[in-house]
Amino acid sequence: MSSPALPLIHQALRKSFQRLESSQKVWASVLAECSPLIASVGNLAEQLRALSSLHLPSTPLNVFPDLEDRLRFKLLHAVDTALVRLNEQMCSLQSVRDSFSNQVSAVFQLYEQNRDSLDASTVMEAISHGSIHLRHDGLAAGCRAPL
């Protein structure tokens, strides 16, 4: 006996895998944008450390009295700018995570609402027949499910 909820659950799972594929592309794109920003923050931190260890009054640059303060200000401003951009990327990553989490929750809720109408043979049927399609959709989305 087949439950009328089973096709709905299959459809919801397929939709989830499609969204997973889309989300994975966005996730990878955002992460790719983060790498240079992280490297930039690291380089700026190194420059700030070098500036802190340098004693400018004992160098030929002592003719520029505010040089150290100006350099520190510019470096800190650059760090702030990079961190603001990183924060924007983190917000994008959190949005992708939340969107997919909500999708998974909706599928799970659909299953929970119909759990009583799904007997053991229906569940076994779904696993044996539906998992092939779901595995194919999942692999197409970049998921690596064990065989």
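If you read the sequence from its start, that first residue is 1, and numbering goes on from there.
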Mind checking whether [X] and [Y] have side chains closer than 4.5 Å, heavy atoms only?
X	Y	value
Val79	Leu48	yes
Met90	Leu93	yes
Leu37	Val41	no
Ser52	Arg72	yes
Gln11	Arg14	no

Backbone N/O of [Y] and side chain of [X]: donor-acceptor pair under 3.5 Å:
X	Y	answer
Ser40	Pro36	no
Ser95	Cys91	no
Asn102	Asp98	yes

Closest non-hydrogen atom pair between Ser92 and Val30, with its separation:
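Distance-wise, the nearest heavy atoms are CB-CG2, 4.0 Å.
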Which atom names give the shortest non-hydrogen contact between Ala12 and Gln103, and what distance separates them?
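For Ala12 and Gln103, the tightest heavy-atom pair comes out as O-NE2, 3.9 Å.
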Is it possible for you to say whether [X] and [Y] belong to one hydrophobic cluster, with membership spreading through side-chain heavy-atom contacts below 4.5 Å?
X	Y	answer
Leu75	Leu67	yes
Leu31	Val26	yes
Leu86	Val84	no
Val96	Val104	no
Leu76	Leu56	yes

[atom2] on [Y] to [atom1] on [X], rounded to 0.5 Å:
X	Y	atom1	atom2	value
Leu71	Phe64	CG	CZ	10.5 Å
Leu83	Leu44	CG	CG	9.0 Å
Phe17	Ser23	CZ	OG	12.5 Å
Gln94	Asn87	CD	CG	8.0 Å
Gln24	Ser29	CD	OG	10.5 Å
Asn114	Gln109	CG	CD	10.5 Å

